[in-house]
Amino acid sequence: MVIAQISDLHVGQRGHLAYGCIDTAACFARCVGHLLRLQPLPEIVVASGDLVDMGAPAEYEILRELLAPLPMPVYLMPGNHDDRTALRAEFGDHSYLFSTHDMLYYAIECQPVRLIMLDTVLPGADGGALGAEQLEWLAMTLAAEPDKPTLIFMHHPPIATGIHYMDEIALAGDDAARLGVIIRKHPQVERIACGHLHRMVEARWNGSVVGICPSAAFQSIPGLARDKFDAAPDEPPAYQLHYWNRTQLVTHTLQVTE
């Protein structure tokens, strides 16, 4: 089974250029074209947050247009640039976005791998949190299928990467610690797949692996000594493929250079 992860699209309104020079919609369109040329096609696409840049309804309309060529199921989750209400309004046909709780966390029960999507968004804040209710749901959901290989997707990473200006707006420390306790109890979690950083980063964490997907729009300058986020316009858009080969999960990072 192959699952494509796209992250940090930052689709803006028509004519919008991030940092005055990056057409994020065009970059993401290139990613979609690249993905459609894969053989075989991924069975599922997960978009792990910062789908649009300002959370505006018009941006989600453009996002829908850009996603339309993808023939496989696409599962959306919010990041700190997203607005849950606007996302639900545009993608009303995505039934998994509508549940009994306001936050957008849910599980996809597919074969042979289980996907769990977490919502780390704190409205009005750049950093993230999970909250007691969602963490309790996660623990119960994992306990229900202890032998099934599972991927957890979330926007904000729970680790310190050394890029301090991003670490300051990562998952809240208390929630990261509580999440870690849950992960240690559930060895079926093969990977915690995140976004937010605009770079590929990986680390062992509580018996699993935290992997951060690069951006489908633009990467960040990785300097560990820098004190602010800056785009690296010379680096191409990228995305990841998570391949379950029946015994282990293998992750590939693909740069979109054409």
Decide if atom CD of E133 counts as having more than 12 heavy atoms of other residues, nucleotides or ligands within a radius under 6.0 Å. no

Taking atom CE of M1 as the centre, does the number of heavy atoms from other residues, nucleotides or ligands within less than 6.0 Å exceed 12? yes

Short question: side chain of R30, backbone of P237 - any donor-acceptor pair under 3.5 Å? no

Hydrophobic cluster membership, with links at side-chain heavy-atom distances under 4.5 Å among I/L/V/M/F/W/Y: are Y96 and L115 in one? yes

For the residue pair Y165 and I221, what are the closest heavy atoms and their distance? OH-O, 3.0 Å

Co-membership, hydrophobic cluster, residues V209 and L197, 4.5 Å side-chain: no

F91 vs H94 aromatic rings, parallel, tilted or perpendicular, using cut-offs 30° and 60°? perpendicular

Who passes side-chain contact (heavy atoms from CB on, under 4.5 Å) against R14, sequence neighbours left out? I62, E65

What is the minimum heavy-atom distance between G162 and D167, and which atoms define it? N-OD2, 2.9 Å

Show, in sequence, the C-alpha distance, side-chain angles and deciding distance for R114 and E145, and conclude whether the salt bridge (Lys or Arg N to Asp or Glu O under 4.0 Å) test is met. CA-CA 9 Å; R114 192 184 203 200; E145 292 278 2; 5.3 Å; no

Is it true that Q240 and T251 share a donor-acceptor pair across their side chains at a distance under 3.5 Å? no

Backbone N/O of G33 and side chain of R37: donor-acceptor pair under 3.5 Å: yes

For S220, all residues meeting side-chain contact (heavy atoms from CB on, under 4.5 Å), sequence neighbours excluded: H198, R199, F229

Here the pair of heavy atoms bringing M103 nearest to R88 is O-NH2, 3.8 Å

Give me the atom names and distance for the closest heavy-atom approach of A238 to P214. CB-CG, 3.6 Å

Which atom pairs, one a donor and one an acceptor, fall under 3.5 Å between side chains of residues 119-130 and the rest of the protein, sequence neighbours left out?
{"residue": "D119", "atom": "OD1", "partner": "R84", "partner atom": "NH2", "Å": "3.2"}
{"residue": "D119", "atom": "OD1", "partner": "V121", "partner atom": "N", "Å": "3.0"}
{"residue": "D119", "atom": "OD2", "partner": "R84", "partner atom": "NE", "Å": "2.7"}
{"residue": "D119", "atom": "OD2", "partner": "R84", "partner atom": "NH2", "Å": "3.3"}
{"residue": "D119", "atom": "OD2", "partner": "L104", "partner atom": "N", "Å": "2.6"}
{"residue": "T120", "atom": "OG1", "partner": "H156", "partner atom": "N", "Å": "3.4"}
{"residue": "T120", "atom": "OG1", "partner": "H156", "partner atom": "ND1", "Å": "2.7"}

Identify all side-chain donor-acceptor contacts of residues 67-80 below 3.5 Å with residues at least two apart in sequence or on another chain.
{"residue": "N80", "atom": "OD1", "partner": "H155", "partner atom": "NE2", "Å": "3.2"}
{"residue": "N80", "atom": "OD1", "partner": "H196", "partner atom": "ND1", "Å": "3.2"}

Check whether any side-chain N or O of E59 sits under 3.5 Å from a backbone N or O of A56 as a donor-acceptor pair, and report yes or no. yes

Please check if the number of heavy atoms outside Q188 that lie under 6.0 Å from its CD is greater than 12. yes

Tell me if a side-chain donor or acceptor on S48 pairs with a main-chain N or O of F153 at a distance below 3.5 Å. no

Would you be so kind as to tabulate the donor-acceptor pairs closer than 3.5 Å made by side chains of residues 178-185, with sequence neighbours excluded?
{"residue": "R178", "atom": "NH1", "partner": "D175", "partner atom": "OD1", "Å": "3.1"}
{"residue": "R184", "atom": "NH1", "partner": "N206", "partner atom": "OD1", "Å": "2.4"}

Looking at D82 and V52, would you say the former's side chain and the latter's main chain have a donor-acceptor pair under 3.5 Å? yes

dist R246:CZ -> Y243:OH (nearest 0.5 Å) comes out at 8.0 Å

Spell out, yes or no, whether L135 and L142 are grouped together once hydrophobic residues are joined by side-chain heavy atoms under 4.5 Å, including indirect joins. yes

Under the criterion side chain to side chain contact (heavy atoms under 4.5 Å, CB included), I'd like the reasoning laid out for L63 against E90: C-alpha separation, chi angles, the key distance, then a yes or no. CA-CA 9 Å; L63 174 64; E90 180 59 39; over 6 Å; no

If hydrophobic clusters are built from ILVMFWY residues whose side chains come within less than 4.5 Å, do M200 and I163 share one? no

R204: which residues meet the salt bridge (charged side-chain N to carboxylate O under 4.0 Å, His left out) condition with it, sequence neighbours left out? none

Of all the heavy-atom pairs spanning C27 and A217, show the shortest one and how long it is. SG-O, 3.5 Å

Side chain to side chain contact (heavy atoms under 4.5 Å, CB included) between Q5 and L151, intermediate numbers included: CA-CA 11 Å; Q5 181 185 2; L151 278 74; over 6 Å; no

Got a second to check how far M154's CE is from M117's CE, nearest 0.5 Å? 13.0 Å

Side chain to side chain contact (heavy atoms under 4.5 Å, CB included) for L118 and L138? Distances and angles first, verdict last. CA-CA 8 Å; L118 300 181; L138 174 63; 4.1 Å; yes

Does L17 share a hydrophobic cluster with F218, counting links as ILVMFWY side-chain heavy atoms below 4.5 Å and allowing steps through other members? no

Mind checking whether H81 and H10 have parallel, tilted or perpendicular rings, split at 30° and 60°? perpendicular

Work out which heavy atom in G55 is nearest to a heavy atom in D83; give both atom names and the distance. O-CB, 3.5 Å

In Å, rounded to the nearest 0.5 Å, how long is the span from NE2 of H101 to CH2 of W137? 7.0 Å

Return the CH2 to CD1 distance between W205 and I159, rounded to the nearest 0.5 Å. 9.0 Å

